[in-house]
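One structure below.
In this chain, numbering begins with 1 at the start of the sequence shown. For the numbers below, each heavy atom of this structure counts, side chains included, while hydrogens, waters and symmetry mates do not.
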Amino acid sequence: MRKYQRGRDKKLIEIVCNCCGKKLTFTDGILTEDVCKINVEWGYFSKKDGEIHSLDLCEECYDKIIQDFAVPPEIESRIEIF
């Protein structure tokens, strides 16, 4: 769950894991840990047709959830070149 500052800038001020409730760490306005952001627009053949769901997961909750997947997510490595 994301919380934004009110006003014209709408600056992101807080991210809370929807699963465990952990507040993710910000330092000087910069998120210093990663988050799994999920946005789903449910379509016509869903019981949630027309609904848009948004949620955030901390890395620990993401790891716990994918352990139960019958088909694991595809994982690629990205090498940063400086």
Side-chain angles (χ1 to χ4, degrees):
M1 178 174 71
R2 292 171 183 240
K3 294 183 183 177
Y4 293 89
Q5 184 179 35
R6 292 184 182 199
R8 287 188 299 179
D9 295 342
K10 288 200 171 190
K11 179 181 170 184
L12 179 63
I13 56 173
E14 184 176 73
I15 299 177
V16 177
C17 176
N18 285 83
C19 188
C20 71
K22 171 186 170 184
K23 288 184 181 181
L24 280 74
T25 308
F26 278 85
T27 303
D28 297 325
I30 298 170
L31 183 63
T32 55
E33 58 184 307
D34 220 339
V35 63
C36 174
K37 179 169 181 54
I38 300 171
N39 286 314
V40 179
E41 265 188 68
W42 295 99
Y44 182 75
F45 296 103
S46 168
K47 293 177 184 174
K48 299 171 191 67
D49 183 23
E51 294 181 2
I52 300 170
H53 293 199
S54 298
L55 61 108
D56 294 290
L57 298 173
C58 69
E59 191 170 357
E60 292 81 13
C61 288
Y62 172 84
D63 289 341
K64 287 178 192 174
I65 290 169
I66 66 167
Q67 286 179 352
D68 294 331
F69 284 6
V71 179
E74 289 185 26
I75 299 173
E76 297 179 28
S77 293
R78 180 179 295 195
I79 299 172
E80 294 185 27
I81 300 174
F82 295 97

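To the nearest 0.5 angstrom, Cys17 atom SG is 9.5 Å from Glu33 atom CD. Atom CG in Leu12 sits 10.0 Å away from atom CG in Leu24 (nearest 0.5 Å). One distance of note links SG of Cys61 with CG of Asp56; it measures 11.5 Å at 0.5 Å rounding. How far OH of Tyr62 is from CD of Gln67: 11.5 Å, rounded to the nearest 0.5 Å.
When the shell of 6.0 Å around CD of Glu60 is examined, it contains more than 12 heavy atoms from other residues, nucleotides or ligands. Residue Lys23 places its NZ atom among 12 or fewer non-hydrogen atoms of other residues, nucleotides or ligands, all under 6.0 Å distant.
Summarising the geometry of Ile52 relative to Glu41, their closest heavy-atom pair is CG1-CG, 3.4 Å, with the distance given to 0.1 Å. Residues Leu57 and Cys19 approach most closely at CD2-CB, 3.8 Å, considering heavy atoms. For the pair Phe26 and Thr32, the tightest heavy-atom approach, listed with the atom from each and the gap, is N-OG1, 4.3 Å.
Under a hydrophobic-cluster definition in which Ile, Leu, Val, Met, Phe, Trp and Tyr are linked whenever side-chain heavy atoms come within less than 4.5 Å, directly or via other members, Trp42 and Leu55 are assigned to the same cluster. Taken together through direct or relayed side-chain contacts under 4.5 Å among Ile, Leu, Val, Met, Phe, Trp and Tyr, Ile15 and Ile38 form parts of separate hydrophobic clusters. Under the 4.5 Å side-chain contact rule for hydrophobic residues, Tyr4 and Val35 share a cluster.
For the side-chain hydrogen bond (donor to acceptor under 3.5 Å, both in side chains) test with Glu14, the passing option among Gln5, Lys3, Arg2 is Lys3; the others fail.
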